[in-house]
Amino acid sequence: MSHPKENEYVIGVDFGTLSGRALVVRVSDGREMGSAVHPYPHAVITSALTSDLTGNEPVRLPVDWALQVPQDYREVLQQAVPQAIAAAGIVPDTVVGIAVDFTACTMIPTLNDGTPLCEVDGLLAEPHAYAKLWRHHAAQAQADRINELACSRNEPWLARYGGLISSEWEFAKALQLLEEAPQVYAQLERWVEAADWIVWELCGEYVRNACTAGYKGMLQDGHYPSSDFCAELNPDFATFVEDKLDQPIGQLAGRAGTLTSEAAEWTGLREGIAVAVGNVDAHVTAPAARAVAPGQMVAIMGTSTCHVMNGAAVLEVPGMCGAVEGGIVSGLWGYEAGQSGVGDIFAWFVENIVPRSYYDAAESAGLTIHEHLTELAKDQEVGQHGLIALDWHSGNRSVLVDHELSSVIVGQTLATRPEDVYRALLEATAFGARTIVEAFNNSDVPVKEFIAAGGLIRNSFLMQVYADILNMPVRTIGSTQGPALGSAIHAAVAAGAYPDIHAASEAMGAAAGIVYEPIPYNVARYEELFAEYTALHDYFGRGANTVMHRLKRFQRNAMERAAQPVGAGIILTN
Ligand SMILES: Nc1ncnc2c1ncn2[C@@H]1O[C@H](COP(=O)(O)OP(=O)(O)O)[C@@H](O)[C@H]1O
Ligand SMILES: O=C(CO)[C@@H](O)[C@@H](O)COP(=O)(O)O
């Protein structure tokens, strides 16, 4: 290991849901020198593959699909990295390493050389050949079968995932691909996490990172679910692990390889610098927040929220996403839980429900629509809007692990205003977070601190609501670039500037941000509302009323009917 030099830099690239952000960071002290964002040109594809992709007619997608285009990820390296270097005003040759983090579980089907199937002749118009984004929720039927079978066979790994695995993950998505498009599955050679694919693009080596392999690929104690288990799911799935998934594992902050000449050309960086093993946007943020000790829960609050926390031992937390040894930092058990929709829910509301007049008023006040609605809602008494909402617009990842669930807002009247609903939605996500924190506390994995990172920390009212509903202080991270900074810290270790992630986090982690203390008056009132939230949560989420599942089926069938030519006479099942 060499000591970090004053004029050495690393780059962290955070691949989010809609864009990739590159950040240049000084190795010696973590100073953020400059950054740049590149939005993905195709963003998230939910309704149809457009003709620019298919080269022909558009191809409609069924309900709950969410695809991305891998070329958009390459563009982030080509655009955002050089722009960040320019913004930082540094000499590119002083960059000693690069690391990336990605949304997960975002899966790319590829050939053995890493070529995405959607770039292979004949597959451009095939939806299953594209990247399936983390929030592709169309594999719930496969996830249900995986859960039922694992439960009936008493599979030892199931407890490591709180008793249920998610439709968002590697096995459910792969099984969907096999069963809906066997001809594409036959061409699939590698089933690759996007985090590892982009590292492969950077250094020419396919190294599977320990984080996604553990949380999303069900790799526990060195083993994946057995071929026997896979065969019982579907005989053609028996060799999935050995044929398409298995790959050498790289530990977090390890070096995957060095920058290739092609990637050096894309990025403007020096060929041969260290490229770190890939990581997940949530987990990578813990060292950036200097929150790697057991009991420090970091909530990365953006379009979704992920909750990550270390623990000294492994215990089962019902409905958690997973517990993985070394899943956040080596030497500890990393726990993860999550809410599939948070900022996404607020975005849905402002994009679909808020009237034009509110946008005009926001513009006149020089505020974003989120800021304007927050201003209008923030001085209400707790409960004044008379509403309770469930935060399930994108399903429920924890603790119910069910993406066939949807939202409900109780209490609306002719007097309900947009700011009332907006506030109820903010509160709903905080109630969802409390449900998760309680699941950990009740399982002897106590949450001692709650640290918030991600784009939503800019909303101080929201942070106060979380403190009041959780009834614990909420400390924000003193950086607006938590994941990218976390990646940069991993790059510094991979480049040999620090002996391990603990030392690098200590030297380069962000300063503490604001601490929001709970306000006792609000806490008492939110207690009552949380009891109402829990009653609704259990009623709709734990089987007493399965209307949400039935509505999804109606919706799927209606969409299929709508796609058929009139008089086609199709038969649909429930
Ligand atoms: N002032 C605000 N209050 C609440 N939500 C906001 C505010 N401004 C933006 N958002 C939401 O934040 C989300 C973006 O969060 P961000 O962390 O930037 O993205 P990502 O999760 O892709 O990294 C969007 O879903 C948007 O709806
Ligand atoms: O699920 C994970 C990590 O496990 C996230 O990558 C996923 O929710 C996407 O997060 P954001 O888009 O950054 O909110």
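In this text, all values refer to a predicted model and were calculated from it rather than measured experimentally. All ligand and atom numbering here is 1-based and tracks the order in the structure. All heavy atoms count here, side chains included; hydrogens, waters and symmetry mates do not. Quick note: residue numbers are just sequence positions, from 1.
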Item checked: C306 heavy atom under 4.0 Å from ligand 2 -> yes

Nearest non-hydrogen protein atom to atom 10 (O) of ligand 2, with distance, is S304 OG, 3.0 Å

Note: heavy atom closest to atom 1 (O) of ligand 2, options A104, P483, C105, belongs to A104

Below 3.5 Å, N or O to N or O, backbone or side chain included: is there any such pair between N459 and ligand 1?
yes

Exercise for review: May I ask whether D344 has any heavy atom positioned less than 4.0 angstrom from an atom of ligand 1?
Suggested key: yes

Is any N or O atom of G302, backbone or side chain, closer than 3.5 Å to an N or O atom of ligand 1? no

min-distance protein heavy atom vs atom 11 (P) of ligand 2 -> T303 OG1, 3.3 Å

The ring-ring contact (aromatic ring centres under 6.0 Å, His included) partner of F171 among Y161, F240, W191 is F240

(request) Please verify whether a non-hydrogen atom of L456 lies at under 4.0 Å from ligand 1. (result) yes

One finds that the ligand 1 atoms under 4.0 Å from a non-hydrogen atom of G343 are 24 (C), 25 (O), 26 (C), 27 (O)

- Message: Just to check, does G16 reach to within less than 4.0 Å of ligand 2 when the distance is taken from its heavy atoms?
- Response: no

Between D281 and D101 (side chain of the first, backbone of the second, donor and acceptor by atom type, cut-off under 3.5 Å), is there such a pair?
no

re atom 5 (C) of ligand 2, the protein heavy-atom contact at minimum distance is D281 OD1, 3.4 Å

* Asked: Is any side-chain N of the basic residue among K216 and E193 closer than 4.0 Å to the acidic one's carboxylate O?
  -> no

May I ask you to check if ligand 1 and T374 share an N or O to N or O distance below 3.5 Å?
no

At under 4.0 Å between heavy atoms, what of T103 touches ligand 2? The answer is both

### Side chains of Y466 and T429, donor plus acceptor under 3.5 Å
yes

Is there a heavy atom in R397 that sits closer than 4.0 Å to ligand 2? yes

- request: Could you tell me whether R21 and E32 have a side-chain N and a carboxylate O separated by less than 4.0 Å?
  value: no

message = Please report whether ligand 1 has a polar contact with R21, defined as an N or O pair separated by less than 3.5 Å (distance criterion only).
response = yes

**Asked** Is any side-chain N of the basic residue among E419 and R423 closer than 4.0 Å to the acidic one's carboxylate O?
**Response** no

Going by the 4.0 angstrom heavy-atom rule, the piece of K216 near ligand 2 is side chain

*Side-chain H-bond candidate by donor/acceptor type, S394 with W348, under 3.5 Å*: no

| request: Check for a donor-acceptor pair, side chain of T305 on one end and backbone N or O of Q339 on the other, with a separation under 3.5 Å. | output: no

The answer for which part of E336 has a heavy atom under 4.0 Å from ligand 2 is side chain

**Item:** Sub-4.0 Å heavy-atom approach of F461 to ligand 1
**Value:** no

